[in-house]
Amino acid sequence: MLMFLIHVFGFLAAAIPQFCAEKIARFLGRAFFFVARSRRRIMLGNLHHLLPEKTEKERHAIAVESACRMVEMGMFVLASPHFSKERILKSYRAEAGSRIELLERGKPIVVAVPHFSQMESLTMLPLFFEKLAGRDNGVFYRQFKNPAIESWVKRTRQRFGFTLLSRKLGLTQAISFLNSCGTISVLFDQSPGEHRGVLSLFANRVTTSSALAGTLVADRPNAILATCHCERTGFWKGTVKVSEITLGDLPRTAANYTIAINSWLEGKLRENANICADWLWAHDRWRPFNDSLNYAHKKNILPETLAALGLKNLPKEMRIWIRMPNWLGDVVMALPLVKTIRRARPDAQITLLAQKHFAPMLERLGVAERIIALPPKTRGYWKFFRQLRFEYPDQIFIFTNSLRGDLEAKLAGIPIRAGIVRDKKPRPLLTHKWFVPADLNLAETHQTRLWERWLRRRHGLTAPLDFAPIKLAQQKENRIGLICGSENSPEKRWSVARWREFIAIISEKFPTLEIFLFGTKKDAEITAEVARGNDKAAGGNVVDRAGKTDLPTYMDELASCRAICGNDTGGLHLANMLGVPVVGIFGPTNPVRTGPIFKAPIKILQPEGCPKTGGMDIDKIPAEKAASVVTEILAPATPKK
């Protein structure tokens, strides 16, 4: 039944007036472009990466035309078996002076063929080049599982003298053809997949490329490499063009030939809009490494590619976005992952989406190439993300656990949306999900380590996490800092009485020590009570800074302290990230899961008898215990009287 339909549709397409076939192709092409949303996104994204200098409107026009020509090519496959030789020769011709001398040299020729809209016409080359008729001519193709379709494809495509060679089994025959000075054609410009081909660049983006054409030529000193494409001049009309690829003084290696034909194609695509629209933009050329944090590959020609292009480092053309958590402590705990992702993909531009008040801190830390501050949750909130579609990010790692973050990524048109799915919390908008294993004890797994497992198991991260502190150039002063609040969680706060006891003990031991109180505006009432009677105005040594610093200033002042003692808050994590010794006061919360994690001195205090995962009243930790630990930190640097 299928073959009957193929014959009927092919006959009708060939029989109807050509202008009618063109109208049908353009209608179906436009319908495909507007209905197939994911493919439309791929086409526009591919064009954006290759032609960033063009406007969105110009790229859109090229994509629509490419979709129409893709349908035109499909119709040609069905209709061309019903074309006479006269009709073919009337519609297609060889370019005058198109390197016909290549055939006269009597040498084997490897022909690199790009996926242009008229590429199926190249099986008719012996009609245009008579000298091909006396050669063994082969072309690699992908076999079909359906025997009837396979038979039809071979019968229709081999009628003018080309032999179809299986990608899996045809290599021996191809070598035989070349040994007898024959011609082998290879479709070279689509990604062969993550585990095939060679790792290289295309349009300055890491991907895999077929090295078959380059390998066949490099193994034969007398072989010639040429590109051959049919430049479209109208509907089912074109001019066949042949160009020899030479390497100049470069060695005849498969890598150099592969780089050369890729460079040739890039130049062609940039030549003009007509040729650009001819390419198969609906294919995701860079897909194999768009969702991986490990581009290790058994065949890597990136060094040769960089040398050929005159580059020292990989261009940062891949676009990885990271949706940061909404709380300061969680943001800090995510930073080791951000630093490691950046190191794992040196070809990526890392963009962080974060709450606006975190943006200055993240910019100063320099952990990403770009920071996008989230807008206020007003009427324009969702429109903001819709506008991000035109930046064409490749993927996003979502470190939040809410549908809001997933919807943000969906509206931004990000094709790869990755996140963690916990029990009974479905996330339908994610495209790449990692389900928390049922046997994983979350209470005994640090949040950073959970994120790490996700990225290793689902996205191939192999690089070790970077827990090195991000130190600021600040001189440590005779000062400690106390973080007495905890935003909106009263149960996480050591009581005012405990803090006042601590200050009394530590001030007696270190009379000249300055004690800074840190916190947000919401914590100011608490810190005012803690400082009462001991502040500078009253002749004491306490400086209340709660609510009086922006985040960069807060970082500077934390970094200037010799030690920080605080509740389970974001500030404690921030101080730890800056390399300052910290003493954490934990009671009901779980330090195993949310404790400081950077490689700097850390001491966690819990009530006596408290499980390591927390769960007891924080006020059961005596002030003397905390003061004793801080004294141990300060004493070595304090001169004895």
Side-chain angles (χ1 to χ4, degrees), residues 10 13-30 32-33 43 47 50-51 54 58-59 61-100 102-103 111-130 132 139 156-157 160 162 185 187-189 226-244 261 264-283:
I16 63 175
Q18 195 156 301
F19 78 89
C20 291
E22 182 176 6
K23 293 287 186 183
I24 293 171
R26 298 198 69 80
F27 172 79
L28 293 178
R30 288 177 176 273
F32 169 84
F33 182 79
M43 296 174 79
L47 283 162
L50 185 77
L51 305 171
K54 290 190 177 294
E58 289 172 326
R59 292 192 293 264
I62 292 172
V64 172
E65 183 63 26
S66 177
C68 294
R69 295 185 185 184
M70 181 177 65
V71 175
E72 176 184 340
M73 179 174 66
M75 291 177 63
F76 182 85
V77 171
L78 298 177
S80 58
H82 303 278
F83 289 174
S84 64
K85 290 184 180 180
E86 291 73 23
R87 181 173 180 178
I88 293 170
L89 291 172
K90 185 178 179 180
S91 299
Y92 295 93
R93 66 180 182 86
E95 182 183 40
S98 60
R99 305 282 184 174
I100 195 68
L102 294 179
L103 299 172
V111 182
V113 180
H115 282 72
F116 282 3
S117 67
Q118 303 290 314
M119 70 177 186
E120 289 295 332
S121 65
L122 299 181
T123 60
M124 306 170 182
L125 280 177
L127 293 179
F128 316 127
F129 301 104
E130 293 182 2
L132 279 177
V139 58
T156 57
R157 295 184 182 179
F160 295 113
F162 264 94
S185 297
L187 295 168
F188 74 92
D189 58 336
T227 61
C228 182
H229 71 287
C230 184
E231 194 166 299
R232 185 182 184 275
T233 57
F235 186 80
W236 289 350
K237 294 180 180 180
T239 301
V240 177
K241 297 186 176 184
V242 180
S243 301
E244 184 178 0
I261 56 177
W264 171 87
L265 177 60
E266 284 188 47
K268 274 292 172 187
L269 295 177
R270 292 189 171 98
E271 197 168 297
N272 58 60
N274 178 56
I275 295 177
C276 188
D278 248 5
W279 201 49
L280 186 61
W281 288 102
H283 180 84

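All values below come from the heavy atoms of this structure, side chains included, with hydrogens, waters and symmetry mates left out.
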Within-4.5 Å side-chain heavy-atom neighbours: [X] and [Y]:
| X | Y | result |
| --- | --- | --- |
| Lys54 | Ile62 | yes |
| Arg232 | Phe116 | no |
| Ser185 | Thr123 | no |
| Val139 | Val113 | no |
| Ile261 | Leu265 | no |
| Arg157 | Glu120 | yes |
| Lys268 | Trp279 | no |

Would you give the length of the straight line joining atom [atom1] of [X] to atom [atom2] of [Y], rounded to the nearest 0.5 angstrom?
| X | Y | atom1 | atom2 | value |
| --- | --- | --- | --- | --- |
| Glu266 | Leu50 | CD | CG | 6.5 Å |
| Leu89 | Met124 | CG | CE | 9.5 Å |
| Phe235 | Cys20 | CZ | SG | 10.5 Å |

Pairing residues for Ala67 by the side-chain contact (heavy atoms from CB on, under 4.5 Å) criterion, not counting sequence neighbours: Phe32, Phe33, Met43
Test side-chain contact (heavy atoms from CB on, under 4.5 Å) applied to Met73 and Gln118, His115, Met119, the passing residue: Met119
Which atom pair, heavy atoms only, marks the closest approach of [X] to [Y]?
| X | Y | value |
| --- | --- | --- |
| Leu269 | Cys276 | O-CB, 3.3 Å |
| Leu187 | Pro114 | CD2-O, 4.4 Å |
| Phe83 | Ile88 | CB-CG1, 3.9 Å |
| Leu280 | Met70 | CD1-SD, 3.5 Å |
| Cys228 | Val242 | SG-CG2, 3.9 Å |
| Ala25 | Met75 | CB-SD, 3.6 Å |

Phe76 and Trp236 aromatic ring geometry - parallel, tilted or perpendicular at 30°/60° bounds: perpendicular
Worked verdict on Glu72 versus Arg69 for salt bridge (charged side-chain N to carboxylate O under 4.0 Å, His left out): CA-CA 5 Å; Glu72 176 184 340; Arg69 295 185 185 184; 5.3 Å; no
Selection residues 20-30 - residue pairs positive for side chain to side chain donor-acceptor pair (under 3.5 Å), sequence neighbours left out: Arg26-Glu65
Counterpart residues, side-chain hydrogen bond (donor to acceptor under 3.5 Å, both in side chains), relative to His283 (two or more places apart): Gln190
